[in-house]
2 protein chains.
Amino acid sequence: MAGPTTPERPRGRGRSTMKDVAALAGVGIKTVSRVINGEPNVSAVKRQAVWAAVAETGFRRNDSAAQLRSGHTSSIGLVLEDAADPFSSALTRSIQDIAHQHGTVLFSASSAEDPDKERDLVLALCARRVDGLIVVPASGSHTYLLPEIEAGMVCVFVDRPPGDIEADTVLVDNVGGARTGVGHLVRHGHRRIAFIGDRLEIFTARERVRGYREALTEAGIEVDPRLVYNGPPYGEELRAWLRAMLGGADPATAVFCGNSRFTVETVREIRRSPVQPALVGFDDFELADMLTPAVTVVAQDPFGLGQAAAQLLFRRLAGDPTPVQHVHMRTRLIPRGSGEVGP
Amino acid sequence: MAGPTTPERPRGRGRSTMKDVAALAGVGIKTVSRVINGEPNVSAVKRQAVWAAVAETGFRRNDSAAQLRSGHTSSIGLVLEDAADPFSSALTRSIQDIAHQHGTVLFSASSAEDPDKERDLVLALCARRVDGLIVVPASGSHTYLLPEIEAGMVCVFVDRPPGDIEADTVLVDNVGGARTGVGHLVRHGHRRIAFIGDRLEIFTARERVRGYREALTEAGIEVDPRLVYNGPPYGEELRAWLRAMLGGADPATAVFCGNSRFTVETVREIRRSPVQPALVGFDDFELADMLTPAVTVVAQDPFGLGQAAAQLLFRRLAGDPTPVQHVHMRTRLIPRGSGEVGP
DNA sequence: TTGAAAGCGATACCAA
DNA sequence: TTGGTATCGCTTTCAA
């Protein structure tokens with residue numbers, strides 16, 4: 001009984017359009033458009049009639065059609081390494097928030113550190129005509145973005161710079177942070193300090209080793225290559241290396257870790273080890289203060305990083321024509337115990 | 001000199017279209033469409049000519065235009081509570097992966113547990129005509145989705161059921177998990193067991209208290225309301241309650257926590273406390289095994305949860321017409337020490 | 001204040 | 001195997 005009494009209402013699948021709404025409200029389609037988009041110059045009477053018809057038909061504007069004509073999507077894209085990583089998820093959240101403030105939604109995708117997958121994802125986002133793009137670039141060249149950028153796509157790179165192209169970046173002061181952390185260990189009397197970090201293909205790993213080297217050189221300590229690990233942060237390879245290094249004839253008395261994955265792995269290995277080296281890690285992590293001993297870290301600010309990147313992006317979208325910008329974020333040493341012990 | 005020699009190439013802002021590509025390649029626009037979309041029935045010669053023209057012009061298909069005509073976007077939406085939360089970010093990652101397998105990208109947004117914001121985000125995603133939607137619903141009614149669902153939007157709810165509507169859900173066995181965890185404490189001789197969890201507006205909190213009550217009742221233990229906390233997982237309120245409860249005349253000898261936020265807060269407070277109750281937490285968390293004592297948990301599987309939800313969604317999108325489904329995921333007790341001590 | 005008409009850039013359909 | 005034409009639902013433009 002209830003069904004067939006409202007013949008104007010589209011049944012089952014399928015959406016009603018502005019045309020349907022206009023017909024039902026007895027106005028022109030352009031008036032519907034004005035009301036939906038909150039534009040002025042519509043009489044209160046018609047405005048009400050339109051909203052009534054919208055409610056009646058369950059109308060929802062098709063943004064694809066709007067974008068096709070107007071040229072902007074009110075969406076931005078984010079491509080990062082792994083959405084499940086705490087650093088990435090903090091980044092995501094802060095970018096989502098800034099996007100939301102600008103009435104914009106966020107596409108996000110994970111590249112799994114694979115340059116080809118990153119490229120696919122980025123280009124898919126470009127095909128969707130997102131207004132702008134924030135990328136934590138995998139290694140490799142980014143020249144594939146040149147045509148997109150020339151066509152008007154706005155890109156900001158976070159945490160790492162892109163390969164082979166000049167573009168806006170928001171980076172952490174990796175070198176300075178590592179210098180601070182290693183210098184801290186030096187000041188506590190250590191001279192045999194190990195470095196444990198990612199493969200050197202990864203920008204942040206390169207920069208942090210550099211900071212490590214600089215700190216040692218500055219202290220007049222020669223770098224011992226047997227104390228430097230650059231490899232995957234998981235698996236037997238790392239554990240074997242740690243065991244060998246800690247159990248060897250001339251073990252390190254302190255360890256500096258290149259990121260929190262390594263810090264955690266190192267903490268686990270130290271637990272099993274007869275010697276207890278001092279430890280400082282790059283990047284803070286949850287419960288670092290609750291471990292025994294509590295872990296001293298050089299903290300980054302992933303929320304701040306995401307905010308800075310998003311704000312730069314929206315400034316560009318608003319038309320900021322200034323030359324390419326390179327923003328650097330400070331790090332902060334947080335002493336908690338593991339780094340404040342002598343050799 | 002290099003610039004003006006290729007007059008066909010669009011300069012500066014603006015994209016080339018299939019029309020441009022067709023003109024440059026000397027073929028019809030429909031042939032370009034066939035090549036771009038990998039459709040058959042195009043000669044090798046023309047195919048090559050088209051790809052050459054695509055490269056030359058930097059053409060990238062405008063997906064909005066494609067969607068307008070074809071009706072699907074190859075995108076799905078995800079609305080959750082907080083992208084920075086480890087549970088949510090694991091969910092995000094697993095959904096991203098399944099989506100990617102289906103050639104689909106993911107919109108994600110955080111509701112911050114605010115029903116109005118959730119509604120805005122969901123409707124924005126509907127306006128973008130995502131093919132489907134996965135939602136971790138905030139509390140409140142979800143009747144606002146009825147018109148969308150009737151218009152063909154496919155929705156799957158994860159971790160919590162929606163309010164006031166029947167829809168596909170993928171939930172954790174909250175009651176059973178809590179019963180298991182509390183039962184574990186009972187078996188170690190505890191009779192004064194506290195429950196610490198979220199506000200009762202939140203579905204999982206309600207279910208987990210229920211499991212707690214059932215376990216106690218089953219053991220013939222009366223529930224003491226002074227041992228039950230339902231409130232925010234942060235701030236002085238919780239800490240004061242914990243201090244009072246642990247320092248009172250008749251303190252609990254064991255604590256069951258409703259989620260990992262509470263577990264961590266409780267661990268911190270126990271450290272400062274003179275008494276050391278046994279502890280079991282719902283939801284596993286990183287480094288739980290490295291704390292002292294290591295924390296016994298009832299683990300969920302957020303990756304599995306996301307996978308199940310995404311797979312159900314894509315089954316629906318493929319046309320699965322079966323009635324509304326309610327999937328339940330098992331939990332798993334992981335004894336680590338904190339829960340294996342007597343009163 | 002209002003609305004008719006002309007696109008936006010692709011795909012669907014059908015004729016060649 | 002090819003490609004012309006109508007069309008998707010909206011915004012823009014412009015005349016009334």
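From a predicted model like this one, the values you see are computed outputs, not experimental measurements. Chain A is the first sequence line, chain B the second, and so forth, proteins listed ahead of strands; every chain is numbered from 1.
- In the displayed structure, A:R119 atom CZ is contacted under 6.0 Å by at most 12 heavy atoms of other residues, nucleotides or ligands.
- Within residues 31-38 of chain B, the residues approached by DNA chain D to less than 4.0 Å at the level of any non-hydrogen atom are B:T31, B:R34, in residue-number order.
- Atom-to-atom, CG of B:D63 to P of C:dA10 comes out at 9 Å; the value is rounded to the nearest Å.
- Listed pair B:S43 / D:dT2 meets the phosphate criterion, a side-chain N or O lying under 4.0 Å from OP1 or OP2.
- Ring orientation note: the planes of A:H142 and A:F157 are nearly perpendicular, at an angle over 60° on the 30°/60° scale.
- When the side-chain nitrogen and oxygen atoms of B:K46 are compared with OP1 and OP2 of D:dG3, one or more of them lie within a distance under 4.0 Å.
- Atom NE2 of A:H72 and atom P of D:dC10 are 15 Å apart (whole Å).
- For the pair A:S64 and D:dC8, the criterion of a side-chain N or O lying under 4.0 Å from OP1 or OP2 is not met.
- Crowding of B:Q48 atom CD: a count of heavy atoms from other residues, nucleotides or ligands under 6.0 Å not exceeding 12.
- Distance A:E39 CD to D:dT13 P: 12 Å, rounded to the nearest Å.
- Here the straight-line distance linking atom CG of A:L312 with atom OG1 of A:T322 works out to 8.0 Å at 0.5 Å rounding.
- Between A:R60 atom CZ and D:dC8 atom P the separation is 21 Å, expressed in whole Å.
- Of all nucleotides listed (D:dT11, D:dG9, C:dA10), D:dG9 comes nearest to the side chain of A:L68.
- The residue B:K19 sits apart from the nucleic acid: no heavy atom pair falls under 4.0 Å.
- Atom CD of A:Q67 and atom P of D:dT11 are 11 Å apart (whole Å).
- Atoms CD1 (B:I29) and P (D:dG4) sit 9 Å apart, rounded to a whole Å.
- One can place NZ of A:K30 at 13 Å from P of C:dA4, the figure rounded to the nearest angstrom.
- Atom CD1 of B:I76 and atom CZ of B:F107 lie 11.5 Å apart (nearest 0.5 Å).
- The residues B:K117 and B:E81 are annotated as not salt-bridged, no charged nitrogen and carboxylate oxygen being separated by less than 4.0 angstrom.
- Rounding to whole angstrom units, CG of residue A:N62 and C1' of C:dA10 are separated by 13 Å.
- Residue A:R69 has no polar side-chain atom (N or O) positioned under 4.0 Å from OP1 or OP2 of D:dT13.
- For A:D63, the salt bridge (Lys or Arg N to Asp or Glu O under 4.0 Å) partners are A:R61, B:R128, not counting sequence neighbours.
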